[in-house]
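Beneath this line is the structure, given in structure tokens, with notes to follow.
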Amino acid sequence: MHMLKEMAIFAQVVDSGGFSAAARHLGLTTSAVSRHVSRLETHMGGRLLQRTTRSLALTELGQQVHEGCTRMLSTAREIHALAGSY
């Protein structure tokens, strides 16, 4: 459970297409975003992203983790919407 923030940030990196764009969207520094993703990679036991100076690609593990993170965030949004309907 303690990795939820890292999972959300990782999903934003993938959805935004990069660390800088995710950082702007989240109101964080690029280095902070990178640290969160690195912590998630350490926790997951492998690389989630193949990084170069110009591109970002998901590894096989990264693809699976991203799918799970996307489901988690979708469920969280649904629960949040329920809270507003009562």
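Counting from 1, the numbers follow the sequence of the chain as shown. Side chains included, hydrogens not; waters and symmetry mates left out as well; all remaining heavy atoms used.
- With contacts defined as side-chain heavy-atom distances shorter than 4.5 Å, the pair Val65/Leu58 does not qualify.
- Taking Ala8 as the reference, Leu73 meet the side-chain contact (heavy atoms from CB on, under 4.5 Å) condition, with sequence neighbours excluded.
- Under the salt bridge (Lys or Arg N to Asp or Glu O under 4.0 Å) criterion, the residue pairs touching residues 29-40 are Glu6-Arg39, with sequence neighbours excluded.
- When atom types are taken as modelled, the side chain of Ser34 and the backbone of Thr30 share no donor-acceptor pair closer than 3.5 angstrom.
- Evaluation of the side-chain contact (heavy atoms from CB on, under 4.5 Å) rule for Ser55 yields Thr52 as partners, not counting sequence neighbours.
- Screening residues 46-57 for salt bridge (Lys or Arg N to Asp or Glu O under 4.0 Å) gives Glu41-Arg47, Glu41-Arg51 as the qualifying pairs, with residues at least two apart or on separate chains.
- A pairwise comparison of heavy atoms in Phe10 and Cys69 identifies CD2-SG, 4.1 Å as the closest pair.
- A heavy-atom distance below 4.5 Å is found between the side chains of Leu40 and Leu48.
- Sorted by first then second residue, the salt bridge (Lys or Arg N to Asp or Glu O under 4.0 Å) pairs that include residues 15-32, not counting sequence neighbours, number zero.
- Contact annotation: the side chain of Ile9 approaches that of Leu28 to within less than 4.5 Å [non-hydrogen atoms, C-beta and beyond].
- By the side chain to side chain donor-acceptor pair (under 3.5 Å) test, Ser16 is found to be paired with Gln12, residues two or more places apart in sequence or in another chain being considered.
- Residue pairs meeting the salt bridge (Lys or Arg N to Asp or Glu O under 4.0 Å) criterion with at least one member in residues 57-74, sequence neighbours excluded, do not occur.
- Under the side chain to side chain donor-acceptor pair (under 3.5 Å) criterion, Thr29 pairs with Ser31, not counting sequence neighbours.
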*Between Leu56 and Gln50, is a side chain to side chain contact (heavy atoms under 4.5 Å, CB included) present by the stated rule, with each step listed?*
CA-CA 6 Å; Leu56 189 71; Gln50 290 293 92; over 6 Å; no

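- Once rounded to the nearest 0.5 Å, the distance linking CZ of Phe19 with CG of Leu49 reads 5.5 Å.
- Applying the ring pair (Phe, Tyr, Trp, His ring centres under 6.0 Å) rule to pairs touching residues 21-47 yields His2-His43, sequence neighbours excluded.
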